[in-house]
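Notes follow once the structure below has been shown.
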Amino acid sequence: MALIVQKYGGTSVADAEAIKNVARRIIARRNKGDQMVVVVSAMGDTTDDLIKLAHQVSEKPGERELDALLSTGELVASTLVAMAIRSLGSEAISLSGAQAGIRTDANHSRARILEIDPSRMRRELEEGKIVIVAGFQGITDGLDITTLGRGGSDTTAVALAASLKAKACEKYTDVEGIYTADPRLVPEARQLRDISYEEMLEIAAYGSKVVHPRAVELAGEFDVPILVASSFAGNPGTLIHREVSMEVRNRVRSIAHDLDVAKIMVVGVPDRPGIAASIFEPLAKAGISVDTIVQNASINKITDLTFTVARSELDKAMKVVEPIAKSIGARECVSDAKLGKVSVIGTGMQNSPGYAARMFSTLSERGINIQLITTSEIRITCIIEESQVGNAVRALHQTFQLDAES
Ligand code: ASP
Ligand code: MG
């Protein structure tokens, strides 16, 4: 008998009907003979609603209370799924993150899993029960409840799969798998049969919200293959794993995009040691994550420093950076909130020249101006005007022939 970890996202458990549907799917899978641990997210928009509520009663809700509050979303979903399964005649038990043995550090709202003690889960499984675990949460050594950051239930599922040495980790959501591009932007986008951890990590980090980047990273580290599929359709989904079939190795696999990009430029900065640290340390302290950073070569010891942040963090970031810019003698500090990112991703690009040139010429033929460029071994990203992102993605999808069956 093998062990399967499944994960159901918020839309898959959004209401009573959806929960009953999930319960039936879980039982059908269990009846094939494998043991099952199922991780669930909070129902629908519960987490957002709880955050709003917290801010209605307090300007500063406090991280500890907020984590305890948010963890209840997943508790609601996990208990309801367990009840639905039992009402259909199968054995099930719900466990909170703490009960499932998930020990984390004390960084509230972005805790990291330190260790999992699977003994309680094992005991319940051996008694023949389906174990439903509340995702997105854990507990500190001091017995405080923590959460793993937005979208953290994916991380719970992969971590449990690694700890329990599961045969598979199946993630069920409202999309059918991973695509060559977002099908809402590119109607001819194709669903991928499989993709490597590396590629998926870039896709997740550069725009797709389908699997949380941290979960992909963890999956790669422990070699836990993740199947991404829809909980509503019978489509076989996309397998994220180590090996990708030979014939697709030589290609671009996916065009990712992100519309949530803002840029800050600190112009006319004196070029001397410590300047970058003086800007980025306070940003990090304020909890603002900075993405692309570009520093120009200096002329006469004066340079420009440009970086991007999520649009929702622009105001906060400007409040941090403006006084620093002034104090280090920068000429000015300007921002642009309406940018987007488009990325070409594929392990096939490694060591083969020409991909960047094809990307840039495709964009220039469409009259799209590139503002910043960044690359990794398997990704090329251009930051462009937000309004041109759709066009860019469609054009690149065509250039790299992603609509053609491989
Ligand atoms: N409910 C949490 C969130 O909305 C965690 C998750 O869905 O994975 O971020
Ligand atoms: Mg959610």
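Reckoned from all heavy atoms, side chains included, excluding hydrogens, waters and symmetry mates.
- The closest donor-acceptor contact from the side chain of Asp403 to the backbone of Glu188 lies at 3.5 Å or more, if one exists at all.
- For the 3.5 Å distance criterion, the side chains of Tyr179 and Arg190 fail to qualify, holding no donor opposite an acceptor.
- No side-chain N or O of Asn369 forms a donor-acceptor pair with one of Glu385 less than 3.5 Å apart.
- Using a 3.5 Å distance cut-off with no hydrogens or angles, the side chains of Ser254 and Thr180 do not pair a donor with an acceptor.
- A pairwise comparison of heavy atoms in Leu192 and Ile195 identifies CD1-CD1, 3.7 Å as the closest pair.
- Residues Ser94 and Ser78 have side chains that never bring a donor and an acceptor to within less than 3.5 angstrom of each other.
- Residue Ile264 holds its CD1 atom at 11.0 Å from CG of Asp336, rounded to the nearest 0.5 Å.
- In this structure, a donor-acceptor pair under 3.5 Å is present between the side chains of Gln6 and Glu170.
- At a cut-off of 3.5 Å, with distance as the only test, a side-chain donor of Glu199 or Ser196 sits close to an acceptor on the other residue.
- Side chain of Arg25 to backbone of Arg29: no donor-acceptor contact under 3.5 angstrom is found.
- A donor-acceptor pair is defined here as one N or O able to donate and one able to accept, closer than 3.5 Å; such a pair exists between the side chain of Arg251 and the backbone of Gln401.
- Looking at Ser298 and Thr303, their side chains never bring a donor and an acceptor atom within 3.5 Å of each other.
- Arg103 is not listed as a side-chain neighbour of Ile113, based on a closest heavy-atom distance of 4.5 Å or more.
- Between Lys20 and Glu17, at least one side-chain N (NZ, or NE/NH1/NH2) sits under 4.0 Å from a carboxylate O, which counts as a salt bridge.
- Only one option out of Lys341, Arg379, Arg253 pairs with Glu202 in a salt bridge (Lys or Arg N to Asp or Glu O under 4.0 Å); it is Arg379.
- Few gaps surround CZ on Arg120; more than 12 heavy atoms of other groups in view lie less than 6.0 Å from it.
- Under the 3.5 Å distance criterion, with hydrogens and angles disregarded, no donor-acceptor pair is assigned to the side chains of Ser96 and Gln137.
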